[in-house]
Every structure is written in structure tokens, then in C-alpha cells.
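Naming convention: chains lettered A, B, ... in sequence-line order (proteins, then strands); numbering from 1 in each chain. Bear in mind the structure is a predicted one, so any value in this text is a computation, not a measurement.
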Amino acid sequence: MSAYPEGPVPLLENLNPEQRAAVTLPHESALILAGAGSGKTRVLTTRIVWLIQTGQVSPHGILAVTFTNKAAKEMLTRISAMLPINTRGMWVGTFHGLSNRLLRTHWREAGLPQSFQILDSADQLSAIKRLMKSMNVDTEKYEPKKVQWFINGNKEAGRRARDAEAFDEYSMRLAELYEAYDAQCQREGVADFPELLLRSYELLYRNEPLRQHYRDRFKHILIDEFQDTNTLQYRWLKLFAGPHTALFAVGDDDQSIYAFRGADTANMAAFEREFAHGNVIKLEQNYRSHGHILTAANTLISQNAHRLGKNLWTAEGEGEPIRIFEAYSDQDEASFVVDEVKTLNREGVALSDMALLYRSNAQSRVLEHALFSAHVPYRVYGGLRFFERQEIKHALAYLRLLTHPEDDGAFLRVVNFPARGIGARTLEQLADHAVRAGGSLWQAACTGSGKVAGFARLVEEMKQATADLPLAEAIDHVIEASGLADYYRADKEGADRLENLNELVNAAALFADESEDNTLDAFLAHAALEAGEHQAGAGHDALQLMTVHAAKGLEFHTVFITGLEESLFPHEQSAHEENGLEEERRLMYVAITRARRRLYLSHAQSRMLHGQVRYGLPSRFLNELPEQVLLHLNRRAEPAYPSGVQQAAGHYGVAAPRSQGNDTGYKVGQSVAHAKFGTGIIIDFEGRGPDARVQVKFRDGGTKWLALAYAKLSPA
DNA sequence: GCGTGACATTTTTTT
DNA sequence: AATGTCACGC
């Protein structure tokens with residue numbers, strides 16, 4: 001490493017004291033509690049650059065871990081912008097990407113075939129279904145999804161089948177399935193996502209020389225979004241960390257929103273205890289949002305009991321108040337958003353600098369419809385990713401067969417697609433043959449005759465024909481020769497799919513160009529690990545639509561958080577989960593802190609959900625915000641129904657039309673207050689005159705029938 | 001073997 | 001409302 005400048009390094013000039021302290025920490029482990037908008041990524045990348053620039057470590061000695069490919073890419077881009085040297089020796093990537101890298105290098109020691117394939121979640125689920133079928137397991141009693149959940153949950157906790165907690169008949173059966181599933185994967189030479197981590201963990205755990213090698217190599221390990229680590233990931237990190245490794249963990253416990261898939265904030269406390277030893281730096285200055293927005297976020301999150309504690313502040317002014325809008329219905333809410341977006345856009349806020357957030361994907365439909373009719377360009381994030389599309393998966397399955405014909409999953413996916421007259425019956429027989437011969441379906445097909453053998457010949461031919469072709473051309477050939485292209489050409493709705501297949505060829509060309517390893521295997525791993533940015537739309541100025549989860553890490557001038565109703569946000573499911581409500585509150589915190597300048601919170605009195613009208617109370621989170629930073633855009637007195645039509649509701653507020661009217665002055669959907677039970681919403685009505693009773697769903701969750709003649713209700 | 005219609009199901013998501 | 005899964009009949 002060349003000489004480095006003495007004295008003040010320009011690199012550090014624009015950092016605040018805490019950021020600078022974090023960046024220039026000596027060679028020891030530390031925990032950085034970085035609040036939303038406090039410059040977390042900047043600190044992380046600047047530290048890497050600083051370490052290298054000051055000659056403390058070579059790129060070779062750095063391991064930086066993120067959760068998403070996007071974050072990894074961003075980090076690399078920023079580093080190379082600051083540092084004119086090549087970053088090749090550095091290990092920067094996702095947990096899964098790095099595990100994959102390790103396993104590809106040491107496949108033999110890890111007990112994997114050199115060309116092992118990666119199963120994504122959907123592949124994994126179908127592998128489980130296939131296994132359960134072959135074992136004659138009742139899928140009513142053991143839902144494949146649950147089995148998958150059990151397997152992954154255990155893997156993510158670092159437990160193999162024999163270590164899985166099994167105490168009753170049911171869980172013991174699950175553990176058996178887990179064991180059989182792992183055996184099947186091993187037989188077929190495939191690894192699911194958690195397997196990548198567990199396998200590389202076990203590899204280093206058992207292989208002392210290898211462990212020593214990596215421990216000596218990595219002087220600095222830096223981890224982004226540490227609050228999202230699960231048990232296995234934390235253990236994985238510990239294995240890489242030798243006595244001379246400094247761990248630099250950056251995270252925000254208040255933004256932990258992935259507990260539902262195993263993330264454990266307890267890792268932060270454990271890390272502080274085991275590594276940081278009190279070496280904790282809090283980044284609390286927020287550079288993103290104006291004061292009122294931060295006040296709202298702080299007040300909200302302070303109502304969580306389980307926190308490490310942190311309070312964001314800003315040097316900016318208070319800014320605008322937070323706008324609250326109560327809509328009659330989801331459609332009303334949507335048209336409100338459309339109007340505001342249009343106005344703001346006219347005033348100069350770029351559409352792409354505005355985000356429309358919701359708790360669950362199903363909510364986007366109404367919003368999209370309204371935006372579409374109003375000709376407001378928008379872009380929806382999430383949904384199906386490129387490499388998850390069926391045509392792409394089909395093409396990839398053919399490609400897998402070329403390098404790894406033992407992959408029964410790939411075989412089954414395309415053996416009869418496009419249709420070749422190979423049905424369930426034939427395949428059952430083939431599976432029988434395979435089991436008896438102790439081989440794969442492919443082997444059985446090769447020794448067989450008829451249509452199945454024809455398929456085997458087809459694959460063989462493709463293999464021959466593509467052997468000497470560059471990656472992209474090989475893929476192009478397979479798409480044609482397999483009959484996929486013809487199939488979609490014949491399908492009148494296949495145009496998009498054809499285009500995607502074309503895109504796949506382009507992606508392969510790009511991959512071959514950029515990557516050092518341009519083999520088909522490498523490309524397949526890439527496809528599984530990086531599901532790919534949902535296509536295009538970039539460059540166009542469009543309103544951003546996404547779930548709150550998807551918004552994490554992003555920021556916008558204006559943010560709309562919609563559907564703030566009880567049971568939607570917080571989601572009703574969260575009530576059944578331990579600490580579920582706190583996670584929902586963190587989710588709300590994340591949503592609020594996305595906004596730089598302007599924040600809208602809206603809720604609707606009625607909403608179409610699962611094809612039925614539901615009535616919801618305003619979210620409790622709205623009540624948890626300090627009134628002085630709020631601006632109520634409206635307080636509507638009359639709820640929205642077609643007049644004269646009564647709506648009855650079930651347990652939760654599902655409406656069914658009823659013909660009778662009433663003369664009491666109360667209506668279904670109306671908010672009312674009760675002296676003892678508090679406020680609630682009328683969800684059903686029966687009887688007339690002195691017998692009239694209403695069913696009220698109260699804020700605390702209870703539902704009661706009340707006789708209007710006795711109960712002292714008042715409109716609220 | 002394949003296409004059709006009845007039926008259930010419905011959070012959040014990355015890898 | 002919309003989507004996927006499954007059983008049934010041709």
C-alpha cells in the first residue's frame with residue numbers, strides 16, 4: 001500500500017463528530033446504533049475507504065456483509081467512487097452471495113458437487129411437495145408451506161434435522177421430513193437459501209485449517225443492517241471473526257421489521273456484550289427529515305418497550321405539519337392521493353420523489369386504478385421479479401439439465417413443457433424406475449423408451465449444440481430448441497413472455513461480459529441469488545408505489561402512508577404474534593421516517609377487502625402521534641354508504657346488505673363513544689324502535705351488542 | 001393427457 | 001377481486 005496523507009484526511013471533512021468517531025475507530029469491535037437518515041451507509045463505506053487509505057488494511061482483508069444485492073452494489077459503487085484502486089480483493093456481498101462464493105471455492109470440503117444448483121423459495125417448495133408425494137404424506141395434515149417453514153426456521157437457527165425440536169408426533173414427523181428433504185437435496189445436488197448459509201457455517205466450523213485461513217485473512221468485518229440478522233447469520237459472522245478481527249456492526253433496532261422471518265434484535269444486545277464491550281456509538285442526527293416528522297416518529301417509537309434507546313434530532317426547522325386525512329372509502333382515499341400528488345407535482349415536486357406506501361400489496365389495486373384513470377405515471381415495486389417468472393424459470397430449468405441432469409426438480413419442470421404428451425402416469429412409472437435403479441429421473445429417462453427417451457434425446461442434442469457456444473448464444477439456442485419460443489409465439493398472450501426470454505439472453509450477455517466466471521453454472525447461481533430488479537421504468541418520472549417493507553432504506557420528498565386502519569396497519573395477524581404489535585409500530589416508524597418534507601397519513605372508513613366491504617377504525621398509531629404536529633385536513637361527520645341501505649357485519653366488519661332502515665340516528669360504520677367501553681364503530685344493526693340494538697366493535701378489540709334504549713352511546 | 005370449472009385462500013420479503 | 005390448486009370429465 002502506498003503512502004497516505006498525514007493530518008486531516010479530506011474524506012472525513014463533512015462528517016459530524018459521531019460519524020467521524022465511528023469511521024476512525026481503532027482496530028476493535030464496535031456497535032453503531034444508526035438511526036434512520038443518520039448517514040449509516042456513508043459511515044460504513046467511508047470507514048472501509050479510510051481503513052484502506054490509511055494503510056491499516058488491504059482490500060483483501062475486508063469482509064463487508066449486507067442483506068440485499070442492492071445494498072451491496074451501492075456500497076461497492078460508493079467505495080470505488082472514493083477509492084481509485086480496484087476493489088476486487090474485497091469480499092462485499094450478501095450473506096447468501098458470500099456463502100455461495102465460499103462453497104463454490106471449497107465445494108469438495110463442503111460435500112457438494114462442483115456444479116451444485118441453488119433453489120429459490122418456489123423451487124424449494126416444489127421440491128418439498130415432490131418429496132411429500134413420494135413419501136405418501138398427507139398434505140392436508142402437513143401443509144407443504146408449513147413444512148418449508150419448519151425446515152427453514154430450523155436451518156436459520158442452525159439446527160439440522162436431528163437437532164430440530166421435536167416433542168410430539170406432529171413435530172417429529174416434520175423433523176423426519178426435514179431429514180428426508182435434506183437427503184433429497186444432497187442426492188440431487190441442490191441447495192436452498194438457508195442451506196447456503198448453514199453449509200458454509202458447518203464447513204468453517206468443522207474445518208479448522210480453513211477457518212484459520214479466513215480468520216487470518218479478514219482483519220475487518222463490517223455488517224450493514226445488523227438488526228436483521230438471524231441466529232445463523234450471527235453465528236456465521238462469529239466463525240469468521242478471529243481474535244484479531246474487528247467487527248463493525250451498524251444497525252437500528254427501531255427499524256427491525258423482519259422478525260417474522262427470523263431476524264432477532266437480541267443479536268444486537270448479544271453483540272454489544274460479546275464483541276463491542278460497551279464500544280457503542282449512536283448516530284442520532286438525522287439529515288433527512290424536518291422536525292415535525294421526526295417528532296412524530298420519535299413519539300411513536302417511544303411507545304415500544306423493547307428498545308436500546310435512541311432519539312433522533314435534526315438541525316433543520318420544524319417544517320410542515322403532518323397531514324391526516326380521513327376518507328369515506330378506499331376509493332375516496334385514492335382520489336384524495338391523486339389530487340394531492342397532482343397538485344404537488346404542479347408545484348414542482350418530481351413524481352419520483354413522492355412515494356405511496358401501504359401495508360400489504362393487495363391495497364395497491366385501488367390506488368393504481370385511480371392513478372391510471374387520472375393519467376398519473378406510477379411505478380409499482382415488488383411483485384414478481386424477473387427471474388421468478390415462469391417462462392424464465394422454464395428456460396433456466398432446461399439450462400440446469402444441461403449441466404446437471406440429476407436435478408429432478410428441473411427435469412419435472414420442463415419434461416412436459418411445452419406439452420409432449422408426457423403425463424402424470426408416465427412420470428410415476430419413470431419415478432418407479434428411478435427409485436428401483438437408485439438413480440435420478442434423468443438416468444431412468446435415458447434408459448427408457450418412447451416419449452420420455454425422446455425428451456432425453458432432445459436435451460442431449462441441446463447439450464451438444466451449445467457446448468461450444470458463448471453463454472448468451474447457448475441460452476438463445478435452448479430457448480428455440482426446447483420449443484419454449486414456439487409455445488409462447490403461439491400463445492396470444494405470450495408476447496411479454498417472449499420479450500422476457502429475449503431479456504434473459506441479454507442478461508446472460510451482460511453477465512458474461514461483466515463477470516470473471518462466465519460459465520453457465522455461474523450464471524444460474526447468479527439468477528437464483530439475484531432475482532433481479534423488476535424491469536424498466538427507470539428514467540421516467542413516476543410516482544413510487546410500494547409496501548412499507550419495500551420502502552426501507554429509501555427516502556422521498558413526500559410520503560403518503562395509506563390504509564391506516566386497525567387490523568390493516570397494525571395488521572390483525574400481528575395481534576397473534578409475540579411482540580407483533582411492536583414490530584408493526586417499528587414498521588410505522590420506518591414508514592414515517594422515509595419522508596423528508598411532507599407526510600400524509602390517511603385512513604378510510606370503509607374498504608374493499610377480499611371482495612367484501614369492511615369497516616375499520618382509525619389505526620391506533622394515529623392516536624400515538626402528538627397532536628401538535630398534526631394537521632387534520634378534514635373531519636367528516638357522515639360515513640359513506642349508499643343512503644337507506646343498511647349493512648350488517650360479522651365478527652370483523654364484513655358487511656352483508658340488509659334491507660331494513662332505521663330511525664335511530666345511528667348507522668353502520670359510524671363511530672360512537674360509550675362511557676365504559678370507549679370509542680368504537682357500529683358494525684351491525686338489528687331491531688327497530690325501543691328494541692333496536694347495535695353491534696359495536698370497540699377500539700380495544702372487543703365487540704358488543706348494545707341496546708340503544710339502555711346504552712348511553714354518543715356519536716364520536 | 002389435457003383442458004375446464006369449482007373451490008379455497010388471502011401479511012409483510014430477501015436470499 | 002384475484003389468483004392458484006385440484007378434481008373431474010372428455
*Asks:* Decide ring pair (Phe, Tyr, Trp, His ring centres under 6.0 Å) for A:Phe411 and A:Phe455; before the verdict, give the C-alpha distance in whole Å, the side-chain angles of both, and the deciding distance to 0.1 Å.
*Replies:* CA-CA 10 Å; A:Phe411 183 93; A:Phe455 173 71; 5.5 Å; yes

*Asks:* Measure from CZ on A:Phe67 to P on B:dT15 and round the result to the nearest Å.
*Replies:*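 Distance check: A:Phe67 CZ to B:dT15 P gives 11 Å.
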
*Asks:* Starting at atom NZ of A:Lys145, determine the distance to atom C1' of B:dT11, rounded to an integer number of angstrom.
*Replies:*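 For the pair A:Lys145 NZ and B:dT11 C1', the rounded distance is 12 Å.
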
*Asks:* Under 5.5 Å between ring centres and under 30° between planes: does that hold for A:His96 against the base of B:dT14?
*Replies:*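 No, the aromatic ring of A:His96 does not stack with the base.
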
*Asks:* Which listed nucleotide (B:dT15, B:dC2, C:dA2) is nearest to the side chain of A:Arg365?
*Replies:*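 Among B:dT15, B:dC2, C:dA2, the one nearest the side chain of A:Arg365 is C:dA2.
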
*Asks:* Quick one: label A:Ala424 by what it contacts on the DNA or RNA (base, sugar-phosphate, nothing), any heavy atom closer than 4.0 Å.
*Replies:*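 A:Ala424: backbone/sugar contact only, no base atoms under 4.0 Å.
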
*Asks:* Does A:Thr45 offer a backbone N or O that forms a donor-acceptor pair with the side chain of A:Arg78 under 3.5 Å?
*Replies:*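 Side chain of A:Arg78 to backbone of A:Thr45: no pair is present.
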
*Asks:* Rounded to whole Å, please give me the gap between CZ in A:Phe387 and P in B:dT15.
*Replies:*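 After rounding, the reported distance stands at 13 Å.
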
*Asks:* Quick check against the 3.5 Å criterion: does A:Asn579 have a side-chain atom that pairs as donor or acceptor with the backbone of A:Glu582?
*Replies:*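 No; judged by distance alone, with no hydrogens or angles, the pair does not exist.
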
*Asks:* What is the distance from NZ of A:Lys133 to P of C:dT5, rounded to the nearest Å?
*Replies:*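 It is 13 Å, rounded to the nearest whole Å.
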
*Asks:* Roughly, in whole Å, what's the span from NZ in A:Lys70 to P in B:dT14?
*Replies:*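 From A:Lys70 NZ to B:dT14 P: 10 Å.
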
*Asks:* Which nucleotide in the set B:dT15, B:dG1, B:dT12 lies at the smallest distance from any side-chain heavy atom of A:Ser360?
*Replies:*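 So the side chain of A:Ser360 is nearest to B:dT12.
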
*Asks:* Side chain of A:Thr426, heavy atoms from C-beta onward: which of B:dT10, B:dT14, B:dG1 has the nearest atom to it?
*Replies:*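 So the nucleotide nearest the side chain must be B:dG1.
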
*Asks:* With a 3.5 Å cut-off and just heavy-atom distances, do the side chain of A:Thr547 and the base of B:dT11 make a donor-acceptor pair?
*Replies:*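 There is none.
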
*Asks:* According to a strict under-4.0 Å criterion, is A:Arg261 in side-chain N/O contact with OP1 or OP2 of B:dT15?
*Replies:*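 No, A:Arg261 has no side-chain N/O under 4.0 Å of OP1/OP2 on B:dT15.
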
*Asks:* Whole Å only: how far is the CD1 atom of A:Ile422 from the P atom of B:dG1?
*Replies:*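 In whole Å, B:dG1 P and A:Ile422 CD1 are 9 Å from each other.
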
*Asks:* Under a 4.5 Å cut-off applied to non-hydrogen side-chain atoms, are A:Leu198 and A:Glu202 in contact?
*Replies:*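 When only atoms from C-beta onward are counted, A:Glu202 and A:Leu198 do touch, with a gap below 4.5 Å.
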
*Asks:* From C-beta outward on A:Ala419, which listed nucleotide comes closest to its side chain: B:dT14, C:dA1, B:dC2?
*Replies:*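 For A:Ala419, the side-chain atoms sit closest to B:dC2.
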
*Asks:* Taking side chain as C-beta onward, heavy atoms only, is A:Asp252 less than 4.5 Å from A:Glu225?
*Replies:*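 SC-SC contact between A:Asp252 and A:Glu225 ruled out.
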
*Asks:* Under the 5.5 Å and 30° test, is A:Phe260 stacked on the base of B:dT12?
*Replies:*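 Here A:Phe260 meets both the 5.5 Å and the 30° conditions.
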
*Asks:* Using a cut-off of 4.0 Å on non-hydrogen atoms, how would the nucleic acid contact of A:Ser121 be classed: base, sugar-phosphate, or nothing?
*Replies:*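 Counting heavy atoms under 4.0 Å across all strands, the contact made by A:Ser121 includes a base.
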
*Asks:* Of the options A:Arg586, A:Arg307, A:Arg585, which is the one that meets A:Asp254 in a side-chain hydrogen bond (donor to acceptor under 3.5 Å, both in side chains)?
*Replies:*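 Only one of A:Arg586, A:Arg307, A:Arg585 forms a side-chain hydrogen bond (donor to acceptor under 3.5 Å, both in side chains) with A:Asp254, namely A:Arg307.
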
*Asks:* Whole-Å distance between B:dT14 C1' and A:Lys73 NZ?
*Replies:*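 So the two atoms are 14 Å apart, to the nearest Å.
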
*Asks:* Starting at the 5' end of DNA chain B, which residue's closest nucleotide do you reach first, A:Ala362 or A:Arg425?
*Replies:*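 Residue closer to the 5' terminus by nearest nucleotide: A:Arg425.
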
*Asks:* Looking across every strand, which nucleic acid part, if any, lies under 4.0 Å from A:Glu577 by heavy atom: base, sugar-phosphate, or nothing?
*Replies:*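 A:Glu577: base contact, heavy atoms under 4.0 Å.
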
*Asks:* Would you indicate what A:Phe95 reaches in the nucleic acid, counting non-hydrogen atoms under 4.0 angstrom: base, sugar-phosphate, or nothing?
*Replies:*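 Nothing, no nucleic acid heavy atom in range.
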
*Asks:* Just call it for A:Asn416: base, sugar-phosphate, or nothing, with non-hydrogen atoms closer than 4.0 Å on any strand.
*Replies:*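 A:Asn416: backbone/sugar contact only, no base atoms under 4.0 Å.
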
*Asks:* Just checking A:Asn69: base, sugar-phosphate only, or nothing, at a heavy-atom cut-off of under 4.0 Å?
*Replies:*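 Sugar-phosphate contact only.
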
*Asks:* Would you indicate what A:Asp192 reaches in the nucleic acid, counting non-hydrogen atoms under 4.0 angstrom: base, sugar-phosphate, or nothing?
*Replies:*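 It contacts nothing in the nucleic acid.
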
*Asks:* Counting only side-chain heavy atoms from C-beta out, which of C:dA1, B:dT13, C:dT5 sits nearest to A:Lys129?
*Replies:*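 Of the options given, the side chain of A:Lys129 lies nearest C:dT5.
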
*Asks:* B:dT15, OP1 or OP2 - any side-chain N/O from A:Asn100 closer than 4.0 Å?
*Replies:*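 For A:Asn100, the contact criterion (side-chain N or O under 4.0 Å from OP1 or OP2 of B:dT15) is not met.
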
*Asks:* For A:Phe372, does the CZ atom sit with more than 12 other heavy atoms under 6.0 Å from it, leaving out its own atoms?
*Replies:*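 Open: at most 12 neighbouring heavy atoms sit under 6.0 Å from CZ of A:Phe372.
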
*Asks:* To the nearest Å, give me how far apart CD (A:Glu143) and P (C:dC6) are.
*Replies:*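 Between P of C:dC6 and CD of A:Glu143: 11 Å.
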
*Asks:* In terms of the nearest nucleotide of DNA chain B, which residue is placed more toward the 5' end: A:Gln573 or A:Leu529?
*Replies:*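 Nearest-nucleotide comparison on DNA chain B picks A:Gln573.
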
